[in-house]
Visitor: 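Structure provided below as structure tokens; questions to follow.
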Amino acid sequence: MTSDQSICDLSATALARAIAKGELCSRDAVEAHLARIAEQDGKLSAFVTVDAEGARRAADVCDAAPALIGPLHGVPVGIKDLTDTAGLRTTYGSVLFRDHVPAEDDLVVARLRRAGAIILGKTNTPEFGFGAVCTNKLCGPTRNPFDPALTSGGSSGGSAVAVAAGMVPLAHGTDFGGSVRTPASFCDVASIRPTPGRIPSPRRPLGWDMLASHGFLACEVDDLELALSVCGGGDANDPLSVGVGSDDGLLARRPRIAVTPDFGIAPVARDVRARFAAACDALAGVADVAPSSPDCVGAIETFRTLRAAHIANSYGELLRTRRAELTPTVIWNIEAGAKLSAEDYLNAERRRTAIYRSFRELFTSTDFLVAPAASVFPWPNEVSDVTAIDGAALETPIDYLAVTFIVSLVGFPVLTLPALRGENELPFGIQIIAPPGCESRLFAFGRPLEHELGFSHRRPPL
């Protein structure tokens with residue numbers, strides 16, 4: 001490596017390979033990325049906490065090891081600040097936890113460490129992950145590196161910006177309704193939201209809850225596959241992780257793709273539809289493309305109900321005891337679930353089941369389903385919520401996420417890639433959806449899109 005600039009431009013896979021070959025030491029990789037953070041994060045606010053000394057110590061351990069610790073030996077990563085890191089401040093984006101230091105790692109963090117990854121710090125998120133703009137009372141807004149006046153997206157915006165700006169080659173995120181996919185789309189990076197349970201959450205209070213998932217953001221498909229390979233695998237305390245199958249990633253014929261701009265129901269801006277149509281035209285060069293969608297009628301109301309119930313159950317006590325310290329967005333989210341009945345919840349689960357089966361039916365005749373990864377382009381940081389699209393008012397502040405949360409509802413894995421864009425166009429991504437357990441198929445398909453069609457990350461001007 002000839003300079004810090006070249007180190008920070010390496011993918012996680014390339015960086016791991018260079019360290020393994022002895023072309024680069026872990027300490028140099030850490031120092032280069034810490035320097036990039038010092039240079040860029042003052043204006044972008046991607047990190048809530050940077051653990052420079054801890055990262056240096058971990059790098060020295062890697063460099064002193066007689067053999068590679070694991071596939072991510074010496075590779076710097078960022079961890080979303082919703083996820084526990086032992087000995088490292090974890091705020092969940094809330095002033096209520098500004099001094100909270102967990103005693104144990106979340107399992108996904110522990111697996112990254114066992115693979116040799118070096119945690120540089122915690123990336124910014126809205127309070128408890130609820131918010132369209134990545135900001136809270138501790139940090140932010142996390143600014144879009146392609147235009148700092150614009151949002152990076154919620155709620156894994158800190159991770160998306162850290163990757164896009166070269167502060168880390170790989171970052172962890174979480175996704176409930178689109179929280180890795182929307183920031184990936186806004187910041188021109190790739191992301192994976194795997195099948196729920198693929199990365200276990202053994203401490204999740206609601207063991208059968210499949211709306212939320214760990215995920216990753218990176219500049220290249222290979223990095224996402226590498227991260228999933230070291231963090232995936234069952235855990236007896238996560239019932240969703242038991243029996244999650246996998247595919248071999250191979251298709252013996254030209255892929256068949258169903259494409260939909262909106263699943264028939266999602267509000268999507270006209271300019272996004274135009275960019276999506278152009279992306280579909282490009283996809284027709286490598287696959288058989290046909291318009292089609294599962295039957296998603298009622299999906300928006302279903303997700304609203306299930307999401308509200310989960311949030312009220314998780315955070316209702318905080319609203320009763322610490323309301324004055326919560327952000328307005330969190331208060332709205334908790335209150336939305338306060339009046340739901342058991343019948344409301346079970347009716348939503350009934351409709352969710354029908355939508356899942358419609359997705360399954362579609363995949364009997366197609367290999368992938370492709371949709372936009374965001375319904376709008378990034379908007380100014382000063383605007384806290386999307387309340388209308390193309391002049392049409394939205395019923396609730398979360399409805400702009402329908403194009404992503406419909407997929408969360410049914411738990412199918414999603415690879416997000418940046419679509420082609422002109423010199424002066426804002427980033428825009430597409431969701432590539434496969435049946436549960438088919439992450440390898442997604443990665444195998446994503447690589448030619450990245451390398452042959454140019455559906456790949458381009459660094460912002462720094």
Visitor: When rounded to the nearest 0.5 angstrom, what is the spacing between CG in Leu306 and CG in Leu409?
Guide: 6.5 Å
Visitor: Less than 4.5 Å apart, any side-chain heavy atom of Leu10 and any of Pro169?
Guide: no
Visitor: Is it true that Thr195 and Glu439 share a donor-acceptor pair across their side chains at a distance under 3.5 Å?
Guide: yes
Visitor: To the nearest 0.5 angstrom, please state how far the OG atom of Ser11 sits from the CG atom of Leu226.
Guide: 9.0 Å
Visitor: Are the charged groups of Arg204 and Asp238 less than 4.0 angstrom apart, N to O?
Guide: yes
Visitor: Is there a side-chain hydrogen bond (donor to acceptor under 3.5 Å, both in side chains) between Asp63 and Ser26? Walk through the geometry before answering.
Guide: CA-CA 6 Å; Asp63 288 334; Ser26 304; 3.2 Å; yes
Visitor: Quick one: pull up CD1 in Ile398 and OG1 in Thr329 and give me the separation to the nearest 0.5 Å.
Guide: 12.0 Å
Visitor: Is Glu325 atom CD crowded by more than 12 heavy atoms from other residues, nucleotides or ligands, each under 6.0 Å away?
Guide: yes
Visitor: Please find the pair of heavy atoms, one from Ala55 and one from Leu120, that lie closest to each other, and give the distance.
Guide: CB-CD2, 3.4 Å
Visitor: Assess the side chains of Thr174 and Lys80: does a donor N or O sit below 3.5 Å from an acceptor N or O?
Guide: yes
Visitor: Val133 versus Glu382: any side-chain heavy-atom pair under 4.5 Å?
Guide: no
Visitor: Below 30° counts as parallel, above 60° as perpendicular, anything between as tilted: where do the rings of His100 and Tyr92 land?
Guide: tilted
Visitor: Main chain of Val403, side chain of Gln431: is a donor-acceptor contact present, judged purely on distance under 3.5 Å?
Guide: yes
Visitor: Keeping the roles fixed (side chain from Ser179, backbone from Ser155), state whether a donor-acceptor pair exists under 3.5 Å.
Guide: yes
Visitor: Would Arg56 and Glu53 pass as an ion pair if we require N to O under 4.0 Å?
Guide: yes
Visitor: With side chains defined as the heavy atoms from C-beta onward, is the minimum distance between Val77 and His172 less than 4.5 Å?
Guide: no
Visitor: Is it true that Ser94 and Glu127 share a donor-acceptor pair across their side chains at a distance under 3.5 Å?
Guide: yes
Visitor: Between Glu31 and Arg27, is the closest basic N to carboxylate O distance under 4.0 Å?
Guide: yes
Visitor: If you compare all heavy atoms of Asp188 against all heavy atoms of Arg458, which two are closest, and at what distance to 0.1 Å?
Guide: OD2-N, 2.7 Å
Visitor: Take Asp223 and Phe216, measure what side-chain contact (heavy atoms from CB on, under 4.5 Å) needs, and give me the verdict at the end.
Guide: CA-CA 9 Å; Asp223 294 354; Phe216 290 99; over 6 Å; no
Visitor: With a 4.5 Å cut-off on side-chain heavy atoms, are Pro427 and Pro418 touching?
Guide: no
Visitor: Is there a donor-acceptor pair closer than 3.5 Å between any side-chain N or O of Asn381 and the backbone N or O of Pro141?
Guide: no
Visitor: Quick check: do Val407 and Phe263 have side-chain heavy atoms less than 4.5 Å from each other?
Guide: yes
Visitor: With no hydrogens and no angle check, is any side-chain donor or acceptor of Ser440 less than 3.5 Å from a backbone partner on Gly249?
Guide: no
Visitor: Starting at CG of Asp28, measure out to CD of Glu23 and round the result to the nearest 0.5 Å.
Guide: 13.0 Å
Visitor: Check step by step if side-chain hydrogen bond (donor to acceptor under 3.5 Å, both in side chains) holds for Asn124 and Thr142.
Guide: CA-CA 7 Å; Asn124 197 32; Thr142 300; 3.0 Å; yes
Visitor: Is it true that Ser241 and Asp235 share a donor-acceptor pair across their side chains at a distance under 3.5 Å?
Guide: no
Visitor: Looking only at heavy atoms, which two atoms of Pro145 and Ala164 are closest? And how far apart?
Guide: CG-CB, 3.9 Å
Visitor: Hey, are Arg307 and Asn333 close enough side-chain-wise for a donor-acceptor pair under 3.5 Å?
Guide: yes
Visitor: Keeping Arg441 on the side-chain end and Pro435 on the backbone end, is there a donor-acceptor pair under 3.5 Å?
Guide: no
Visitor: What is the minimum heavy-atom distance between Ser191 and Leu217, and which atoms define it?
Guide: CB-CG, 4.1 Å
Visitor: Test Phe445 against every option in Leu415, Asp367, Ile257 by the side chain to side chain contact (heavy atoms under 4.5 Å, CB included) rule and name the one that passes.
Guide: Ile257
Visitor: Is the shortest heavy-atom distance from the side chain of Phe130 to the side chain of Ile334 under 4.5 Å?
Guide: no
Visitor: Short question: side chain of Arg111, backbone of Gly232 - any donor-acceptor pair under 3.5 Å?
Guide: yes
Visitor: Evaluate side-chain contact (heavy atoms from CB on, under 4.5 Å) for Leu369 paired with Phe359, printing each intermediate quantity in order.
Guide: CA-CA 9 Å; Leu369 174 61; Phe359 267 74; 3.8 Å; yes
Visitor: Assess the side chains of Arg181 and Ser408: does a donor N or O sit below 3.5 Å from an acceptor N or O?
Guide: yes
Visitor: Applying side-chain contact (heavy atoms from CB on, under 4.5 Å), run through Phe186 and Leu150 and close with a yes or a no.
Guide: CA-CA 9 Å; Phe186 285 5; Leu150 303 180; over 6 Å; no
Visitor: Distance check, rounded to the nearest 0.5 Å: Thr327 atom OG1 versus Trp332 atom CH2?
Guide: 12.5 Å
Visitor: Report yes or no: do Thr90 and Thr85 form a side-chain donor-acceptor pair below 3.5 Å?
Guide: yes
Visitor: Taking Asp51 first and then Lys122, would you say they form a salt bridge - that is, a charged N and a carboxylate O separated by under 4.0 Å?
Guide: no
Visitor: If every non-hydrogen atom of Ala86 is compared with every non-hydrogen atom of Arg113, which pair is closest and at what distance?
Guide: O-NH2, 3.7 Å
Visitor: Establish, from distance only, whether the side-chain atoms of Thr83 and Asp106 form a donor-acceptor pair under 3.5 Å.
Guide: no
Visitor: May I have the step-by-step check of side-chain contact (heavy atoms from CB on, under 4.5 Å) for Arg273 and Asp262, ending in yes or no?
Guide: CA-CA 9 Å; Arg273 291 175 184 271; Asp262 56 12; 3.0 Å; yes
Visitor: Below 4.5 Å, heavy atoms only, C-beta onward: do Cys8 and His33 meet side chain to side chain?
Guide: yes
Visitor: Spell out, as yes or no, whether a donor-acceptor pair under 3.5 Å connects the side chain of Asp175 to the backbone of Ser213.
Guide: no
Visitor: Over all heavy atoms of both residues, which pair between Ala218 and Leu170 is shortest? Give the atoms and the distance, please.
Guide: CB-CD1, 4.1 Å
Visitor: With no hydrogens and no angle check, is any side-chain donor or acceptor of Thr404 less than 3.5 Å from a backbone partner on Gly177?
Guide: yes
Visitor: Kindly say whether Gly245 contributes a backbone atom to a donor-acceptor pair with the side chain of Arg198 at under 3.5 angstrom?
Guide: yes
Visitor: If you define the side chain from C-beta out and look only at heavy atoms, does anything of Phe276 sit under 4.5 Å from Ile430?
Guide: yes
Visitor: Taking atom types as modelled, find out whether Ser6 and Asp9 have a side-chain donor-acceptor pair closer than 3.5 angstrom.
Guide: no
Visitor: Using a cut-off of 6.0 Å, state whether more than 12 heavy atoms not belonging to Arg98 lie near its atom CZ.
Guide: no
Visitor: Working to the nearest 0.5 angstrom, can you tell me the gap between Ile331 CD1 and Leu318 CG?
Guide: 11.0 Å
